[in-house]
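To start, the structure under review is shown below, and the notes come after it.
Order of the sequence lines sets the chain letters (A, B, ...), proteins ahead of strands, with each chain counted from 1.
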Amino acid sequence: MSAYNAIYAIVQQIPYGQVATYGQVAELANLPRRARLVGYALFRVAPEMDVPWHRVINAKGEVSESPVRYGSDHLQRSLLEAEGIEFSPEGRINLRMYRWQGLVDAD
DNA sequence: GCCATGACGGAGC
DNA sequence: TGCTCCGCCATGG
């Protein structure tokens with residue numbers, strides 16, 4: 001068991017049509033200032049897991065893509081657009097509009 | 001066990 | 001507004 005499970009749990013709580021930043025997920029996962037670990041956790045997440053990793057983006061509102069993810073480069077953007085999330089011409093998301101409130105269950 | 005790296009964040013310029 | 005630098009710390013070689 002790793003702290004990543006907490007991260008996955010948080011990501012799974014992100015509702016449809018909304019997104020969250022790495023730092024936000026980290027904080028909700030009780031891991032403040034560990035945004036990098038969130039990214040690392042999402043990088044290691046397996047597709048067999050039901051984790052909407054595509055709803056997690058960086059603080060700049062951009063989708064962070066890795067050249068060697070799962071053979072899907074702009075898949076993340078496609079998934080987000082499919083949820084009604086609009087992208088700016090720069091490929092960014094309006095966080096003030098789609099940012100998840102982050103409903104902390106219990107702590 | 002140490003060194004380098006990384007889906008990031010925030011402050012500084 | 002945009003780019004650069006530093007900090008955090010788990011993971012892998």
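- The distance between atom CD of Glu27(A) and atom P of dC8(B), rounded to the nearest whole Å, is 18 Å.
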Taking N or O atoms only and anything under 3.5 Å, show me the protein contacts with nucleotides 10-13 of chain B, one pair per line.
none

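- At dC8(C), none of the side-chain N or O atoms of Arg34(A) fall inside 4.0 Å of OP1 or OP2 (strictly under the cut-off).
- For Arg36(A) and dA4(B), the CZ to P distance is 15 Å, given to the nearest whole Å.
- The closest side-chain heavy-atom distance from Ile7(A) to Leu31(A) is below 4.5 Å.
- Under the rule for a side chain to side chain donor-acceptor pair (under 3.5 Å), the partners of Arg55(A) that lie at least two apart in sequence or sit in another chain are Glu83(A).
- Contact between the side-chain N/O atoms of Arg44(A) and the OP1/OP2 oxygens of dG12(C) is found at a separation under 4.0 Å.
- We find that CD of Glu90(A) is positioned 10 Å from P of dC3(C), with the value rounded to whole Å.
- Atom OH in Tyr40(A) sits roughly 18 Å away from atom C1' in dG9(B) (whole-Å rounding).
- Of the candidate nucleotides dG2(C), dT11(C), dA7(B), dA7(B) has the atom nearest to the side chain of Trp53(A).
- Whole-Å rounding puts the Tyr4(A) OH to dG12(C) P distance at 8 Å.
- Atom CD1 in Ile14(A) sits about 13 Å away from atom C1' in dA7(B), given to the nearest Å.
- No donor-acceptor pair closer than 3.5 Å links the side chain of Tyr8(A) to the backbone N or O of Leu42(A).
- Looking only at side-chain heavy atoms (C-beta outward), Gln76(A) and Leu80(A) come within less than 4.5 Å of each other.
- Judged by the 6.0 Å distance and 45° axis criteria, Arg92(A) is not positioned over the aromatic ring of Phe87(A).
- Partners of Leu37(A) according to the side-chain contact (heavy atoms from CB on, under 4.5 Å) rule, which considers only residues two or more places apart in sequence or in another chain, are Tyr4(A), Arg34(A).
- In this structure, CD1 on Ile93(A) lies 12.0 Å from CD on Gln18(A), to the nearest 0.5 angstrom.
- Rounded to an integer number of Å, the gap from Leu37(A) CG to dT11(C) P is 7 Å.
- As a whole-Å value, the separation of Phe43(A) CZ from dC8(B) C1' is 15 Å.
- At least one side-chain nitrogen or oxygen of Ser64(A) sits closer than 4.0 Å to the OP1 or OP2 atom of dC8(B).
- Of the candidate nucleotides dG9(B), dA10(C), dG2(C), dG2(C) has the atom lying nearest to any side-chain atom of Arg92(A).
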